[in-house]
Protein chains: 2
Amino acid sequence: MSEAKTIEPRPYHHGDLRRALVDAARRLLEAEGPSALSLRAVAREAGVSPAAPYHHFKDKAELLDAVAHEGWEMLQMAMTDAKAGVEGREQLTSIGIAYVCFARDNPALYRVMYDAARDKEALPMDVEDANPENGNAYCLVRDTMIEQGADPRAETHLELATVAAWCGAHGLAEMAGFKQFDHLKAELGGERPFLDAVFRHMGLFPTHAHD
Amino acid sequence: MSEAKTIEPRPYHHGDLRRALVDAARRLLEAEGPSALSLRAVAREAGVSPAAPYHHFKDKAELLDAVAHEGWEMLQMAMTDAKAGVEGREQLTSIGIAYVCFARDNPALYRVMYDAARDKEALPMDVEDANPENGNAYCLVRDTMIEQGADPRAETHLELATVAAWCGAHGLAEMAGFKQFDHLKAELGGERPFLDAVFRHMGLFPTHAHD
DNA sequence: TTTCACATCTGAGCGCTGTACAGATGCCAT
DNA sequence: ATGGCATCTGTACAGCGCTCAGATGTGAAA
C-alpha cells in the first residue's frame, strides 16, 4: 500500500521526455529507416544529451520496444477497422489485406516490431486469452473465424486456421518487400485478384469452408 | 577476351583468406549469435587485422552476403533431400517440414539470410526461371507442385500455390521462434499432427487437390 | 520561506564498431 | 635480380551504446 506512487506520469524538467523520445524515434524511423535509429540520433532529434534517454529507458532495446508497442497498436486498429468495413466472409480477407498493407506502408516500423518480438522470443499477444476487448490482433482473427462458422470447440482446427492465416499474412508481408513479387505490392490497391486468391488459398477461411 | 583473368581463385599470402573469413563468420554466428557478428570479431577469429577483410569484401554487408549465400545453398539441399526421401503428395509436406526445421536448427543463419535479402530487397532466387537445375529452391517447390498435378499452363494458379506455400513456410518458421507457439517447435520431430495440418491447410497442395 | 531530497539532465569518458589510408610484406612475371 | 602488384598491418577517425560524477530545477517538508 505504501507503494501507491505514480509510476511514470506527469511532465518534469523538459515536459514528457519519454513521449518526446518515442515520437522522435518514430520520426527518424520513417525518414531514415531502421539503420539510422541510434539512441544518440534519437536524443539529438529530441534535443537532449545522449545520456538523457537512460532516465526513461533502461537501454536502447527498451526504447525500441516502446516504438514497437505503438506499432502493434496501430496494426491492431487497422485490422479492426478493416473488419468493420465489410461483412461476412469478406471480413477475413479484408483483415489480411489490411495487415499486408500496414507492412507495406510502414516497412521500417514493421521490421522494428518483429525484431523486438524476436529478441524477446515472444509476440506481444496473449494467444491463450481470446478476449477481443484486450486489443489482441491474434484474437481478432480467431474471433472472426468463429463468427464465420469455425467450431470454437474444435480447438485444433480453430487455432490451426488462425496460425495459418497469421503465418500467411506475415509471409506475404515480407515477400511483398522483395522485387521478385512486385506484382503483389502493386495489387494492394484497388483490384487484387492474385492477392485475394492467395489469402483464400492459404486458409483465411475456416477449414470446412471448402464445402 | 582480354578479360580472361580468374576472378577470385587461389591462395595468396595466408592461403584463402576469403574462405577463412566466411568460415570464421559462420563459426561465430553459431556460437555467439547474430549480434556478435562484427567484422572485427570475424577478423579476430580468422587471426588477421581488422582491415584485412576489405581486400576480399567491399564492406561488412558483402561478407554477410557470402554467409547468407551458403545458407541458401544449405536450405536448398535440405529441401531437395526432403523431397527425395518420400513419394507422391507427401513430398510437398516433407519439403515444408524441412524448411521449418532448417530455420529451427540454424536460427542465426536463417536470420542473416533474410536480413541480407531484405537489404537488397530481393530473394537470391530467380522466380521467373523455373529450371530446377540452377539450384533454385523456389522452383523446386513449383516443380513439385506440377508433378503433383498442378497445371503449368495455369500460371496464376501455379504461382499462387507456390507463393502461398513459401509464405506459409516462412511465416511458420518465424512463428515457431515465439514462445506462444512452442508446440509448433515441439512437433518438428517425430509425430506432427498440427504442423502437417497447417501445411495442408495452407495450400502446400495445388488448388484442385481439395477435390 | 527556507531547506532539502530527489528526479532529471549534462558532459566527459570508456570500449566497441565500421571504414579509410599509408606503408610494409611477399609472390610472380619479367 | 628486379619491379609490379595483390595482400596484409598499423594507425586513425567518427560514431555507437552505455556509465558515472556532478549540475539543475521541482515538489514536499520544516
Side-chain angles (χ1 to χ4, degrees), chain A residues 2-25 28-29 31-68 108 112 115-116 119-120, chain B residues 2-25 28-29 31-68 108 112 115-116 119-120:
Chain A
S2 60
E3 202 177 341
K5 64 174 177 183
T6 49
I7 294 185
E8 55 151 19
R10 61 273 156 90
Y12 254 89
H13 274 169
H14 289 68
D16 192 345
L17 181 55
R18 184 190 162 93
R19 245 282 38 95
L21 286 168
V22 175
D23 287 344
L28 268 175
L29 195 57
E32 317 274 353
S35 62
L37 205 63
S38 73
L39 209 120
R40 293 173 104 103
V42 172
R44 226 176 290 134
E45 171 81 15
V48 294
S49 83
Y54 287 91
H55 292 272
H56 300 271
F57 304 97
K58 110 173 190 298
D59 56 15
K60 184 187 180 183
E62 202 169 282
L63 199 175
L64 293 194
D65 241 41
V67 173
V112 167
D115 282 350
D119 285 344
K120 299 190 296 182
Chain B
S2 60
E3 203 177 340
K5 65 174 178 182
T6 48
I7 295 187
E8 53 151 19
R10 63 272 155 89
Y12 254 88
H13 273 168
H14 289 67
D16 192 345
L17 181 54
R18 184 190 162 93
R19 246 285 34 97
L21 286 169
V22 175
D23 288 344
L28 268 175
L29 195 56
E32 316 274 351
S35 63
L37 205 62
S38 74
L39 206 112
R40 293 174 104 102
V42 172
R44 228 176 288 134
E45 171 82 16
V48 294
S49 83
Y54 285 90
H55 293 272
H56 300 272
F57 304 96
K58 111 173 188 299
D59 56 15
K60 183 187 180 183
E62 203 169 281
L63 199 176
L64 293 194
D65 241 43
V67 174
V112 167
D115 281 351
D119 286 345
K120 300 191 296 181

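Sequence lines set the chain letters: A, B, ... in the order given, protein chains first and strands last, and positions in each chain run from 1. No experiment lies behind these values; they were computed from the predicted model shown.
Residue L17(A) has its side chain nearest to dC9(C) when only dC8(D), dC9(C), dC16(D) are considered.
In this structure, S49(B) does not reach the dC8(D) phosphate: none of its side-chain N or O atoms is under 4.0 Å from OP1 or OP2. Between dC8(D) and H56(B), a contact under 4.0 Å exists linking OP1 or OP2 to a side-chain N or O. For dC9(C), neither phosphate oxygen OP1 nor OP2 lies less than 4.0 angstrom from any side-chain nitrogen or oxygen of R18(A).
The side-chain hydrogen bond (donor to acceptor under 3.5 Å, both in side chains) analysis of residues 32-44 of chain A, with sequence neighbours excluded, yields no pairs.
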Just distance, no hydrogens or angles: give the donor-acceptor pairs under 3.5 Å from side chains in residues 59-66 of chain A, sequence neighbours left out.
from	atom 1	to	atom 2	distance (Å)
D59(A)	OD1	A61(A)	N	3.3
D59(A)	OD1	E62(A)	N	3.1
K60(A)	NZ	L37(A)	O	3.3
E62(A)	OE2	K58(A)	N	3.2
D65(A)	OD2	K120(A)	NZ	3.1

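D23(A) is linked by a side chain to side chain donor-acceptor pair (under 3.5 Å) to R19(A), counting only residues two or more places apart in sequence or in another chain. With sequence neighbours left out, D115(A) forms a side chain to side chain donor-acceptor pair (under 3.5 Å) with R118(A). Legend: residues meeting side-chain contact (heavy atoms from CB on, under 4.5 Å) with A24(B), ordered by chain and number and at least two apart, are R27(B), V42(B), E45(B), A46(B).
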Could you pull out the protein-nucleic contacts involving nucleotides 18-22 of chain D (nitrogen or oxygen on both sides, under 3.5 Å)?
from	atom 1	to	atom 2	distance (Å)
dC18(D)	OP2	Y54(A)	OH	3.1
dC18(D)	OP2	K60(A)	N	2.9
dC18(D)	O5'	Y54(A)	OH	3.3
dC18(D)	N4	R40(A)	NH1	3.2

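Between F57(B) and L21(B) the shortest side-chain heavy-atom distance falls below 4.5 Å.
Between the CZ atom of F57(B) and the P atom of dT19(C) there is a distance of 13 Å, given to the nearest Å. Whole-Å rounding puts the L63(B) CG to dT19(C) P distance at 10 Å.
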